[in-house]
Every structure is written in structure tokens, then in C-alpha cells.
Amino acid sequence: MLRIAIQKSGRLSEQSLALLAESNIEFGGHGRALLAQSKNFPLEILYLRDDDIPQCVYDGVADIGIVGEDVLQEKNYALNIVERLGMGKCRMSLAIPKSVVYNDLKWFNGKKIATSYPRVLGNFLQSNNIAAEIHEISGSVEISTTIGLADAIFDIVSSGSTLVSNGLKEVETVLHSEAVMVSQKEGLTEDKQLIINDLLFRLRAVQKGRQYKYILLNVPTKNVDKIIDVIPGSKSPTVVPLAQEGWSSVHSVLPENDFWKIIDQLKKLDAQGILVMPIEKMIL
Ligand code: PRP
Ligand code: ZN
């Protein structure tokens, strides 16, 4: 049995659970239980505050964890990054009240900044020779300026809606972050390592599937070669003749983001009946 630490509630919580669910690793409802065992995979979830995940993995209370690089940098435990998960992307930024005029970093000299990330902020201020006071609070950082606790805040920005609804504007981005899977540097048994490998195999298949779309279209057979140049697929597309003479059906995969870029080329080659479908899993 492998134990994975996951954020109990917050931005990464739902995304982490969705990744496991799409990998067909099933759990009972995420009720009050802090520990939940999968019914069909040797995995147990430990729900924690994200700030506690690095230490828990470091101490071996959990074998692996899913956590943002932001928290990882702040906590600074020597952990192994097993996999970058490409989700939970956000940045860590300095923000000040919307109405305040801002020119450059020097503005922060002599100011008071509220944050839950004193270490990351401290390093940033020091390397930029800014002398500001750091006020550490563990939550609700975004209301600090409104209630007169600080002149500015340093926090995570994802969609930016938290800042907007608190009358703040982002003035400096300090670092970018995404969710990663971490493990202890050493000390995992061979059994556990095998489970991690199985888990990674599934997660990668899901992540790859998310990045690609399955595309089907009909095209005059004389244009098939040119269409193949546009949608080469992972190996080479499937081409099937249609019942109607002179026409073929082409099936391929393409990166999701490329579709809108190539649609004009497909149309110029007389492609018709274009279908784009999600891929649940992809193993190359
Ligand atoms: C962060 C941060 C903000 C929010 C920003 O919280 O503290 O509250 O996300 O997101 P937005 O730009 O999309 O509004 P997090 O999920 O890390 O939870 P926590 O602060 O409780 O750990
Ligand atoms: Zn957090």
C-alpha cells in the first residue's frame, strides 16, 4: 500500500482527485475521513493542508504527495520531484491596493507586506535589495491591506479573481509554479517504488490524453497525402476509403492547441465532416 498526501481543500484538491479518478483509481466519497483507501489500487489518500504536505512526505508519514512548487519552495525540505503534473499553474506575486501609484520595486522599501510565504518573499526582497517588513499570516492574506494590517501582500495568483474582489492589483511576479508529485529522497521500499511506477504510467496516459484530440475527417482521395502532412498523428494517420468513390476518411491525433491553427489548411484541402473528440487515455 502506498500513501499519497493530497490537499484537503483548495485549488489543487479537486484537480488531484480528478487525475486519480481519470486514472480509474476509485475512492469512496471524500467525506470527513482524513485517510481513504482505494477500492481497486494499492493507494491510500491522506488529506492534509497543502502547507503540511512537504514535511509529511519528508518524515515518511506519506510516501508521496501532490503539492504546488510554491509551497515546496517555501518549506524547503529536500524532496525528490517525481513528476511535474502540468496542472495547478499559478504565480506568486506582489500586489498592492488598486488606487496606489506604482513605478518600480523601490516602492516596497519601508513597506509592510503580509504573506504566508515569508521565506520565498524574504529571498526575493534580499536579492533585490529591498528593505521591507514581512508580516507572516497563515490565511486570508488578501484582506490584509483593507483592514490596515499591511501595505501590500505577497500571495498566489491563479485566475486573479481573489485579487480583483479585494481591490488589489498585481505589480510584480516573483515566481511561477505548478503542481508536482514529490517523494522522499530515499527510503522507499521496492514494493512502493513499483506502485509509484504503476501510478505514473496511468497518470501519464491521462495527461497525454488531455493534451491531444482525436480528429476524423473526410477528404477527396487525391488530397490525402497533403492532409497527412497537416495532421501526421503519433505514427501515421489511418486512411479508410469511403463508400463514395474518390473520397477517403482520415483519422489522426493532434495537440489540442493546434486545431484552430490548422483548420484553414484542412478546409482548403476540401476536408468535410470534421469531428474532433476527446481522448481519455493515450499510451504511445
Ligand atoms: C490561493 C491564494 C488565493 C487563491 C488565488 O489559495 O491564497 O486565495 O489561491 O487564486 P485566484 O487567483 O484564482 O483567485 P490556495 O488554493 O493555495 O489555498 P490556501 O491558501 O488555503 O492554501
Ligand atoms: Zn496554499
Side-chain angles (χ1 to χ4, degrees), residues 5-7 9-16 48-58 65-182:
I6 279 177
Q7 188 183 24
S9 69
R11 285 169 314 111
L12 283 185
S13 174
E14 270 177 35
Q15 294 182 62
S16 307
L48 293 175
R49 284 195 53 191
D50 61 350
D51 316 67
D52 295 331
I53 292 177
Q55 186 179 1
C56 251
V57 175
Y58 184 78
I66 294 182
V67 69
E69 291 169 295
D70 49 316
V71 174
L72 216 51
Q73 290 243 0
E74 178 62 32
K75 300 299 174 187
N76 200 33
Y77 287 98
L79 293 172
N80 187 23
I81 293 188
V82 181
E83 184 90 339
R84 306 185 69 80
L85 297 172
M87 59 178 201
K89 291 197 175 150
C90 62
R91 45 197 193 274
M92 300 184 80
S93 296
L94 283 158
I96 64 172
K98 219 171 40 197
S99 54
V100 175
V101 179
Y102 181 84
N103 292 317
D104 60 27
L105 256 184
K106 291 195 202 77
W107 182 89
F108 285 97
N109 270 315
K111 297 290 198 302
K112 193 170 172 184
I113 311 169
T115 188
S116 313
Y117 299 87
R119 190 190 144 81
V120 175
L121 176 60
N123 289 342
F124 175 77
L125 294 176
Q126 198 182 16
S127 61
N128 285 284
N129 284 314
I130 302 292
E133 184 189 338
I134 299 176
H135 184 86
E136 182 178 353
I137 50 173
S138 60
S140 307
V141 172
E142 58 275 5
I143 58 160
S144 307
T145 59
T146 317
I147 60 175
L149 192 68
D151 305 297
I153 68 157
F154 174 63
D155 202 4
I156 285 172
V157 184
S158 172
S159 62
S161 64
T162 304
L163 291 188
V164 171
S165 53
N166 287 282
L168 296 163
K169 64 178 173 187
E170 193 177 352
V171 290
E172 301 284 345
T173 303
V174 171
L175 61 90
H176 288 268
S177 161
E178 70 176 86
V180 293
M181 183 189 285
V182 290

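- For the atom pair CG of D70 and NE2 of H176, the computed distance is 12.5 Å after rounding to the nearest 0.5 Å.
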Query - V71/Q7 under side-chain contact (heavy atoms from CB on, under 4.5 Å): CA gap, chis, key distance, verdict - result: CA-CA 11 Å; V71 174; Q7 188 183 24; over 6 Å; no
Pairs under 3.5 angstrom only: tabulate donor-acceptor contacts from the side chains of residues 128-156 to other protein residues two or more places apart or in another chain.
residue : atom : partner : partner atom : Å
N128    : ND2  : F124    : O            : 2.9
S144    : OG   : V141    : O            : 2.6
D151    : OD2  : K112    : N            : 2.7

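- Checked against side chain to side chain donor-acceptor pair (under 3.5 Å), S93 has the following partners two or more places apart in sequence or in another chain: E170.
- Side-chain contact between D50 and L12 is absent, with no heavy atoms from C-beta onward closer than 4.5 Å.
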Requested in this report: Just do the side-chain contact (heavy atoms from CB on, under 4.5 Å) check on V171 and W107 with the steps written out, would you?
Outcome: CA-CA 10 Å; V171 290; W107 182 89; over 6 Å; no
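- Between S177 and G68, the closest heavy-atom pair is OG-C, 4.1 Å.
- With a 4.5 Å cut-off on side-chain heavy atoms, I113 and L125 count as touching.
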Query raised in the report: What do the steps show when you test L163 against V157 for side-chain contact (heavy atoms from CB on, under 4.5 Å), and what is the final call?
Result: CA-CA 8 Å; L163 291 188; V157 184; 3.7 Å; yes
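- If you take OG on S116 and CG on L121, they are separated by 11.0 Å, rounding to the nearest 0.5 Å.
- Between Q15 and R11, the shortest heavy-atom contact is NE2-O, 3.3 Å.
- Residues meeting the salt bridge (charged side-chain N to carboxylate O under 4.0 Å, His left out) test with E83, sequence neighbours left out: R204.
- Sequence neighbours left out, the pairs with a member in residues 157-168 that pass side chain to side chain donor-acceptor pair (under 3.5 Å) are S159-S161.
- Residues L94 and K111 are not in side-chain contact: their nearest non-hydrogen atoms beyond the backbone lie 4.5 Å or more apart.
- Applying the salt bridge (charged side-chain N to carboxylate O under 4.0 Å, His left out) rule to R49 yields the partners D51; only residues at least two apart in sequence or on another chain are considered.
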Query raised in the report: Under the side-chain contact (heavy atoms from CB on, under 4.5 Å) criterion, do V67 and V57 qualify, and how do the steps go?
Result: CA-CA 11 Å; V67 69; V57 175; over 6 Å; no
Exercise answer: donor-acceptor pairs, residues 95-103 side-chain atoms, under 3.5 Å, sequence neighbours excluded:
residue : atom : partner : partner atom : Å
Y102    : OH   : D104    : O            : 3.3
Y102    : OH   : L105    : N            : 3.2
Y102    : OH   : E172    : OE2          : 2.5

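- Pairs engaging residues 73-92 under the ring pair (Phe, Tyr, Trp, His ring centres under 6.0 Å) rule: Y58-Y77 [sequence neighbours left out].
- Counting only heavy atoms from C-beta outward, the side chains of L72 and V180 approach each other to under 4.5 Å.
- Listed by chain and number, the residues in a side chain to side chain donor-acceptor pair (under 3.5 Å) with E69 are R84 (sequence neighbours excluded).
- Contact check for L79 versus P54: side-chain heavy atoms found under the 4.5 Å cut-off.
- Pairs passing the salt bridge (charged side-chain N to carboxylate O under 4.0 Å, His left out) check and including a residue from residues 120-132, sequence neighbours excluded, do not occur.
- Taken to the nearest 0.5 Å, the CE atom of M181 stands 8.5 Å off from the CD1 atom of I6.
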